[in-house]
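The structure under discussion appears below in the form of structure tokens.
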Amino acid sequence: MPLVVTGAAGFIGSTLCSALLADGQRVRALDRRHPATDPIAAANLAAVVDHPDFELVTADLLEVDLADLFDGARAVVHLAGQPGVQTSWGDGFAAHVEGNVLGSQVAMEAARRAGVPRFVLASSSSVYGDVARGGAREGAPVSPRSPYGVSKAAAEQLAGVYAERGLPVVALRYFTVYGPRQRPDMALHRIVAAAQGGDAFVRRGDGKQRRELTYVDDVVQATIAAAQADLPPGWIGNVGGGASTSLNALIALVEELGGRPVPIEPSPALPGDPARTAADLRRTTSALGWSPRTSLREGVARQIEWQASVRALLVSP
Ligand code: NAD
């Protein structure tokens with residue numbers, strides 16, 4: 001039975017597909033970006049697109065027949081969505097509602113009808129907003145500070161509703177994911193690109209904001225575990241890297257590992273950008289037997305190496 005991955009041409013989705021195939025599993029993948037016309041999708045899927053156990057459907061999930069796609073699936077991992085805090089303000093919110101709220105609802109409705117035995121929803125640390133002390137705990141009330149966070153919190157609420165209607169859905173709150181294939185709009189990608197001769201890094205705020213960064217392979221392993229574990233419908237778990245670091249410390253690490261300075265263009269703080277994100281991982285660790293394995297130093301070194309190798313393909317925003 002195949003595992004269905006939506007958003008498969010993206011950063012996390014393509015890395016998940018590679019890991020599943022390497023593990024001998026069949027993958028049915030959906031993405032609206034086509035490798036023939038989208039260079040990032042092409043680069044992300046290059047390693048898997050010809051694999052005999054990999055089937056790619058290029059379509060918008062709001063337009064395709066999901067009953068066919070989900071038929072016989074062992075699990076659905078729903079990663080398709082509209083990421084990004086910055087783009088969710090103003091007119092951008094409509095795309096976040098469509099991508100994260102409507103898209104999740106349509107996928108969960110179809111999965112329920114198809115009798116899919118496990119649905120994993122990609123949620124985000126953005127549902128928490130600011131975390132003052134310690135690590136954010138799943139039982140705490142959510143308090144998003146950006147329209148993006150609101151759209152992810154709404155998707156989680158929908159997951160609760162579909163769990164009550166019998167869908168075995170679980171949600172994972174990913175904390176700032178990084179590593180090879182990271183989206184070009186994300187901060188670490190832009191920092192590394194700046195060090196490698198691209199545009200100066202536009203640093204929002206004073207750089208003292210802290211983020212828990214999570215290496216993509218750790219995110220993938222948690223996601224695979226959540227697709228297989230015996231969890232109650234509606235379960236929610238944090239997926240974090242195990243430590244929080246400031247933006248300035250991250251810039252210094254890129255300078256040290258890459259051996260080049262990062263040109264910086266100071267800019268006012270971004271509205272909705274939390275001062276600190278940090279995860280309490282106890283619930284996920286005990287339910288999934290998972291914990292993050294990649295140190296920030298090791299993971300950033302791998303991202304620097306990857307960006308150097310594909311610099312010509314990716315265009316910094
Ligand atoms: P990404 O943009 O690289 O991947 C998302 C993919 O979904 C894209 O390839 C896009 O084409 C596809 N997609 C979007 N809407 C679609 C639709 N209607 N039909 C078909 N395909 C569609 O993003 P990512 O960083 O890999 O994130 C994946 C998921 O994880 C998203 O839901 C995101 O909100 C969530 N998440 C990511 C992070 C992170 O740090 N990257 C953190 C928290 C949560």
Side-chain angles (χ1 to χ4, degrees), residues 4-18 28-35 37-45 56-66 69 76-88 94-107 110 120-128 136 144 146-156 159 171-189 211-220 222-223 226 236-241 274 277 279 299 303 314 317:
V4 172
V5 178
T6 75
F11 163 40
I12 301 170
S14 63
T15 312
L16 172 64
C17 290
S18 296
R28 199 180 287 157
L30 173 77
D31 206 292
R32 63 183 172 196
R33 296 194 288 184
H34 197 292
T37 52
D38 185 303
I40 292 181
N44 287 350
L45 292 174
L56 177 64
V57 176
T58 306
D60 193 309
L61 80 85
L62 294 173
E63 291 164 12
V64 74
D65 181 358
L66 290 177
L69 190 82
V76 172
V77 177
H78 180 54
L79 296 164
Q82 188 63 45
V85 168
Q86 201 168 340
T87 54
S88 69
H96 285 74
V97 172
E98 186 176 292
N100 300 332
V101 185
L102 187 58
S104 298
Q105 185 271 334
V106 165
V120 181
L121 176 75
S123 186
S124 165
S125 57
S126 296
V127 301
Y128 288 119
S146 67
Y148 167 70
V150 169
S151 73
K152 285 294 186 184
E156 283 189 1
L172 297 177
R173 292 177 176 164
Y174 298 151
F175 282 66
T176 313
V177 189
Y178 76 104
R181 304 182 192 166
Q182 194 193 42
R183 300 193 323 268
D185 61 291
M186 296 186 72
L188 180 58
H189 189 116
R211 289 288 171 276
E212 178 143 346
L213 278 91
T214 319
Y215 191 67
V216 64
D217 288 354
D218 288 327
V219 168
V220 160
T223 306
I236 295 177
N238 289 336
V239 176
T277 67
Q303 179 161 343
L314 299 169

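Start at 1 and go down the list; that is how both ligands and their atoms are numbered.
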Residue Ser124 vicinity, atoms of ligand 1 by number, heavy atom under 4.0 Å:
43 (C), 44 (C)
Considering only the protein, which heavy-atom contact is closest to atom 3 (O) of ligand 1, and what is its distance?
Phe11 N, 2.9 Å
So is there a nitrogen or oxygen of Arg33 less than 3.5 Å from a nitrogen or oxygen in ligand 1?
yes
With backbone taken as N, CA, C and O and side chain as the heavy atoms from C-beta onward, which portion of Glu98 lies under 4.0 Å from ligand 1: side chain, backbone, both, or neither?
neither
Any chance you could lay out the side-chain contact (heavy atoms from CB on, under 4.5 Å) test for Gln86 and Asp185, step after step, and finish with the verdict?
CA-CA 10 Å; Gln86 201 168 340; Asp185 61 291; over 6 Å; no
Is a salt bridge present between Arg173 and Glu156, judged by a nitrogen-to-oxygen distance below 4.0 Å?
yes
Quick one: which ligand 1 atoms are inside 4.0 Å of a heavy atom on Ala59?
19 (N), 20 (C)
State which residues pass side-chain hydrogen bond (donor to acceptor under 3.5 Å, both in side chains) with Arg211; sequence neighbours excluded, sorted by chain then number.
Asp273
Expected output: side-chain Ser104 to main-chain Val101 donor-acceptor under 3.5 Å:
no
among protein heavy atoms, the one nearest atom 18 (N) of ligand 1 is Asp60 OD1, 2.9 Å
Among all protein non-hydrogen atoms, which one is nearest to atom 44 (C) of ligand 1, and what is the separation to 0.1 Å?
Ser123 O, 3.2 Å
Could you tell me whether Arg183 approaches ligand 1 through its side chain, its backbone, both or neither, with non-hydrogen atoms closer than 4.0 Å?
side chain
Evaluate Asp31 for polar contact with ligand 1, using N/O atom pairs at a separation under 3.5 Å.
yes
Does Gln182 use its side chain to pair, donor to acceptor, with the backbone of His189 at less than 3.5 Å?
yes
Nearest non-hydrogen protein atom to atom 4 (O) of ligand 1, with distance, is Gly10 CA, 3.3 Å
Test of understanding: given a 4.0 Å heavy-atom threshold, classify the contact between Arg173 and ligand 1 as side chain, backbone, both, or neither.
neither
In terms of residue, atom name and distance, what is the protein heavy atom nearest to atom 34 (O) of ligand 1?
Tyr148 OH, 2.8 Å
Residue, atom name and distance, where the atom is the protein heavy atom closest to atom 37 (C) of ligand 1
Ile12 CD1, 3.8 Å
Contact between Leu121 and Leu172 at the side-chain level, heavy atoms closer than 4.5 Å - yes or no?
no
Close-contact set for ligand 1 against Leu79 heavy atoms, below 4.0 Å
28 (C), 29 (C), 31 (C), 32 (O)
For Ala9, the ligand 1 atoms with a heavy-atom partner under 4.0 Å come out as 9 (O)
Could you check whether the rings of Tyr128 and Phe175 sit parallel, tilted or perpendicular, using 30° and 60° as the cut-offs?
tilted
Counting from 1 in the order shown, the ligand 1 atoms closer than 4.0 Å to a non-hydrogen atom of Met186 are 39 (C), 40 (O), 41 (N)
What I want to check is whether the side chains of Gln82 and Glu98 have a donor and an acceptor closer together than 3.5 Å.
no
Give the residue, atom name and distance (to 0.1 Å) of the protein heavy atom nearest atom 13 (N) of ligand 1.
Ala80 CB, 3.8 Å
Please report the C-alpha distance between Arg33 and Thr58 in whole Å, then the side-chain angles of each, then the deciding distance to 0.1 Å, and finally whether the side-chain contact (heavy atoms from CB on, under 4.5 Å) criterion is met.
CA-CA 7 Å; Arg33 296 194 288 184; Thr58 306; over 6 Å; no
Side chain, backbone, both or neither: which applies to Thr176 and ligand 1 if a contact is any heavy-atom pair less than 4.0 Å apart?
backbone
Ranked by distance from atom 40 (O) of ligand 1, the top protein heavy atom is Val177 N, 2.8 Å
Can a donor-acceptor pair be found between the side chains of Thr223 and Tyr174 at a distance below 3.5 Å?
yes
Picking from Arg183, Lys152, His96, what satisfies side chain to side chain contact (heavy atoms under 4.5 Å, CB included) with Pro83?
Arg183
Kindly determine whether Val76 and Val120 satisfy side-chain contact (heavy atoms from CB on, under 4.5 Å), including the steps that lead there.
CA-CA 6 Å; Val76 172; Val120 181; over 6 Å; no
